[in-house]
Structures are given as C-alpha cells and as structure tokens.
Amino acid sequence: MATWRRDGRLTGSQRLLCAGLAGTLSLSLTAPLELATVLAQVGAGRGRGPRAAGLGVWRTEGARALWKGNAVACLRLFPSSTVQLAAYRKFVIFFMDDLGRISQWSAIMAGSLAGMVSSIVTYPTDLIKTRLIVQNRLQPSYKGILHAFSTVYQQEGFLALYRGVSLTVLGAFPFSAGSLLVYMNLEKIWNGPRDRFSLLQNFANICLAAAVTQTLSFPFDTVKRKMQAQSPFLPHCGGVDVHFFGATDCFRQIVKTQGVLGLWNGLAANLLKIVPYFGVMFGTFEFCKRICLYQNGYIVSPLSYKLTPGVDQSLKPQELRELKKFFKTGKLNSRKPAL
C-alpha cells in the first residue's frame with residue numbers, strides 16, 4: 001500500500017530523485033496559481049480573482065508568462081530539501097529525551113524550525129522568484145536567473161537578497177501553531193485513532209493542515225512579498241501598491257489603505273493550489289517509487305504494488321543485490337569489519 005513514510009527499500013539517491021521529480025511537476029502544474037497569488041500579494045493583481053489575474057498576464061505578456069519564476073522555484077527544491085532534512089535530524093536529536101523519545105509537539109517544532117532554516121539558507125532564490133514574477137516579460141529588467149542575482153547584488157547590495165527574511169522567522173510561529181491545532185483535532189474530525197487512518201484520510205489531513213497553516217501565516221508572507229518586490233530600480237517600484245519603510249510600517253500601511261483583510265490578498269489562489277499541488281506531488285512520488293522498487297526487485301511490476309514472491313521486503317537494496325549475486329555465483333562479497 002502507498003505510504004508517506006520513509007521506505008527502506010529505496011536508496012537515498014532514489015528517494016531524492018522521486019521527491020525532486022514530484023516537487024518539480026507539482027510546482028510546474030500549479031505555477032499559474034502561484035503567479036496569481038504573488039501578484040495579488042504585491043498589489044499588481046489586487047481586486048482581481050485568480051482567473052482574471054492569469055488571463056490578464058496571458059493577454060499582455062503571452063502564455064509563457066504564466067510560468068514566470070517557476071524555473072528558479074524548481075531549482076530551489078534540491079538544496080532546500082537537503083538543508084531541511086539535515087536540520088530536521090539535528091532538531092529531533094535536540095528535542096529527544098534521555099530515552100530517545102520525542103513528543104508530537106516537539107516533532108512539529110522540529111519540522112517548523114527545519115523549514116525555517118531551509119527557507120533562510122535558500123532565501124535569495126525566493127526573492128529572485130518574486131522579482132521575476134512581478135516584472136513584465138516583454139520589457140524585462142532581468143534577463144534570467146543569473147542576471148537577476150548579479151543585477152540585484154550590484155544595484156542594491158548583498159543584503160537586498162535577504163530583504164524580508166525576518167518575516168520568514170516570524171511566520172514560523174503561527175505555522176507551528178496551526179500544525180499543532182490540526183494534529184490535536186484529527187481524531188475528533190475522523191472519529192477514530194490516527195493509526196487507523198486510510199490513505200485518503202491522510203491526504204485530506206495534509207491538505208487541511210496546509211490550508212490552516214498557510215492561512216494563519218499568510219499576512220507575514222504578504223508583507224514578505226511586498227518587501228521582496230519593492231525596489232527603486234524597477235518600474236513602479238516593483239508594482240508594490242503601498243509605500244513603506246520596513247516590515248512594521250508595511251503592516252501599518254496595508255491595514256491603513258486596504259483594511260485588515262488586505263493582509264490576506266491572494267489567499268484564494270493560494271488555497272486553490274493546495275489540493276492539486278499535493279495530489280500531483282503524492283501521485284508522482286508514488287509512481288516514481290514503484291519504478292524504483294521494480295528496478296530493485298521488490299515488486300513484479302511498476303504499475304502495481306504486488307510483491308515479488310520469495311523476496312524479503314525487510315532487506316535493504318544493497319543487501320538484496322548481494323543476496324541475488326550469491327545465488328547466481330555462490331560467492332558473497334562480505335566487507336571486512338572496520339576497526
């Protein structure tokens with residue numbers, strides 16, 4: 001049966017490849033909704049729904065413009081995932097008690113802190129993505145990803161690449177609170193224990209958690225996007241609809257000119273992409289996983305999860321390969337114990 005948990009039958013490189021392909025495809029298919037979200041947050045698409053914002057970009061800049069910034073978002077996946085996994089392991093060890101156990105709250109905190117560390121390390125790529133989205137593709141200020149990096153660095157300085165990074169830190173707190181809120185109420189929602197949840201229920205839990213956490217942290221993300229886009233070197237200061245000096249003033253100006261709900265501009269487009277994003281990611285990951293399991297010899301076909309008869313599913317890929325080689329040649333390559 002398909003599962004979100006780590007599968008020991010895959011090698012580390014196979015897991016990374018499956019996750020990378022799944023993330024790339026899900027990002028690419030939901031890129032138009034991400035574009036509509038960012039434009040609404042910055043102010044260029046305020047007052048229009050996701051469909052109207054997308055059609056407006058299509059008519060003025062062409063269909064390819066709906067995927068502005070998607071390339072850098074996809075390139076960011078691998079370093080971001082690597083940093084997040086490494087940081088998560090460190091935080092889990094930090095939160096463990098003397099018996100090696102960790103509470104659910106501590107696990108959620110470890111995941112949130114790991115995501116925050118990953119976001120900070122790869123933050124310049126997120127800023128470049130925003131700049132590429134808000135620029136006009138027919139009259140671009142940046143000719144590509146590398147040109148955008150060099151131009152921002154030369155014109156605005158190194159610290160400009162981290163403009164708004166403090167909002168990433170602040171946004172981690174409502175994100176963690178939302179995750180805990182959803183987790184504590186899952187058994188009440190489904191009227192059953194967590195270990196009995198079906199695959200569909202787990203998928204619904206992930207979508208629900210994403211909707212709650214992103215809604216709670218969205219005001220911080222909105223201010224971050226405005227700070228990322230604002231630049232005196234871009235036409236109309238990057239299309240930002242309010243003038244501000246710093247994060248606190250940005251919050252104040254948004255509430256003053258648009259009301260409190262202005263902090264949630266673009267939320268509709270952001271929520272619309274949750275189900276297709278995680279659906280495509282999960283489906284792609286599971287399909288790639290089946291191909292790898294078939295290549296490793298654990299299942300009989302990449303089109304199903306039917307197990308290969310006579311194969312011990314607890315063996316790791318390297319152990320299974322050694323065992324197959326032994327049955328063929330009668331020789332087992334045993335490694336000498338290291339001192």
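No side-chain N or O of Ser304 forms a donor-acceptor pair with one of Ser301 less than 3.5 Å apart. A donor and an acceptor atom, one from each side chain of Ser179 and Thr213, are nowhere located under 3.5 Å apart. In summary, the side chains of Asn270 and Gln41 do not present any donor paired with an acceptor at a separation below 3.5 Å, with no hydrogens or angles considered. For the residue pair Gln14/Asn296, the side-chain donor-acceptor check at 3.5 Å is satisfied.
Under a 3.5 Å cut-off, the side chain of Glu61 and the backbone N or O of Arg137 do form a donor-acceptor pair. A distance-only check finds no donor-acceptor pair linking the side chain of Thr151 to the backbone of Ala148 [under 3.5 Å]. Thr222 contributes a side-chain N or O that, together with a main-chain N or O of Phe218, makes up a donor-acceptor pair within less than 3.5 Å. For Glu34 (side chain) and Ala31 (main-chain N/O), no donor-acceptor pair under 3.5 Å exists by modelled atom type. Ser118 places no side-chain N or O within donor-acceptor distance of the main-chain N or O of Val83, the cut-off being under 3.5 Å. A donor-acceptor contact shorter than 3.5 Å is absent between the side chain of Thr122 and the backbone of Thr125. Of the possible polar contacts, none joining the Lys289 side chain to the Cys18 backbone as a donor-acceptor pair under 3.5 Å is found. Checking side-chain atoms of Asn136 against main-chain N and O of Pro140 turns up no donor-acceptor pair under 3.5 Å. Between the side chain of Thr308 and the main chain of Ile299, a donor-acceptor pair closer than 3.5 Å is present.
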Return all side-chain donor-acceptor pairs below 3.5 angstrom for residues 227-239, not counting sequence neighbours, or 'none' if the list is empty.
| unit_1 | atom_1 | unit_2 | atom_2 | d |
| --- | --- | --- | --- | --- |
| Gln228 | OE1 | Thr130 | OG1 | 2.6 |
| Gln228 | OE1 | Arg225 | NH1 | 3.1 |
| Gln228 | NE2 | Tyr123 | OH | 3.1 |
| Gln228 | NE2 | Asp126 | OD2 | 3.1 |
| Ser231 | OG | Glu156 | OE2 | 2.9 |
| Ser231 | OG | Phe233 | N | 3.2 |

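In this structure, the side chains of Tyr277 and Leu27 come closer than 4.5 Å at one or more pairs of heavy atoms. When side chains are defined from C-beta on, Ile108 counts as touching Ser112, because their heavy atoms get closer than 4.5 Å. Residues Leu21 and Phe285 have side chains not in contact (no heavy-atom distance under 4.5 Å, counting atoms from C-beta outward). Using a 4.5 Å heavy-atom threshold, the side chains of Pro32 and Trp67 count as touching. When side chains are defined from C-beta on, Val255 does not count as touching Phe251, because their heavy atoms never get closer than 4.5 Å. Within the 4.5 Å cutoff, the side chain of Ile206 has no heavy atoms near those of the Asn202 side chain.
Partners of Phe173 according to the ring pair (Phe, Tyr, Trp, His ring centres under 6.0 Å) rule, which considers only residues two or more places apart in sequence or in another chain, do not exist here.
Within 6.0 Å of CH2 on Trp58 lie no more than 12 heavy atoms contributed by other residues, nucleotides or ligands. Heavy-atom contacts from other residues, nucleotides or ligands closer than 6.0 Å to CE of Met96 number more than 12. The environment of His147 atom NE2 is dense: over 12 non-hydrogen atoms of other residues, nucleotides or ligands sit within 6.0 angstrom. Leu138 CG: more than 12 foreign heavy atoms inside a 6.0 Å radius. The local environment of CZ in Phe287 is sparse, with at most 12 non-hydrogen atoms from other residues, nucleotides or ligands closer than 6.0 Å. Atom CZ of Phe220 has more than 12 neighbouring heavy atoms from other residues, nucleotides or ligands inside a 6.0 Å radius. Within 6.0 Å of CZ in Phe78 there are more than 12 heavy atoms belonging to other residues, nucleotides or ligands. At most 12 non-hydrogen atoms from other residues, nucleotides or ligands lie less than 6.0 angstrom from CZ of Arg51.
Counting Ile, Leu, Val, Met, Phe, Trp and Tyr side chains that sit under 4.5 Å apart, directly or through other members, Leu33 shares a hydrophobic cluster with Leu272.
Checked options Ile274, Asn185, Val182; the residue passing with Leu208 is Val182 (criterion: side chain to side chain contact (heavy atoms under 4.5 Å, CB included)).
The ring of Tyr298 has its center no closer than 6.0 angstrom to the ring center of Tyr294.
Taking CZ from Arg290 and CG from Leu293, the interatomic distance works out to 9.5 Å, rounded to the nearest 0.5 Å. How far OG of Ser119 is from CD of Gln84: 7.5 Å, rounded to the nearest 0.5 Å.
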- Task: Evaluate the side chain to side chain donor-acceptor pair (under 3.5 Å) criterion for residues Asp241 and Gln258: first the C-alpha distance (whole Å), next the side-chain angles of each, then the deciding distance (0.1 Å), finally the verdict.
- Result: CA-CA 10 Å; Asp241 56 353; Gln258 304 170 20; 2.8 Å; yes
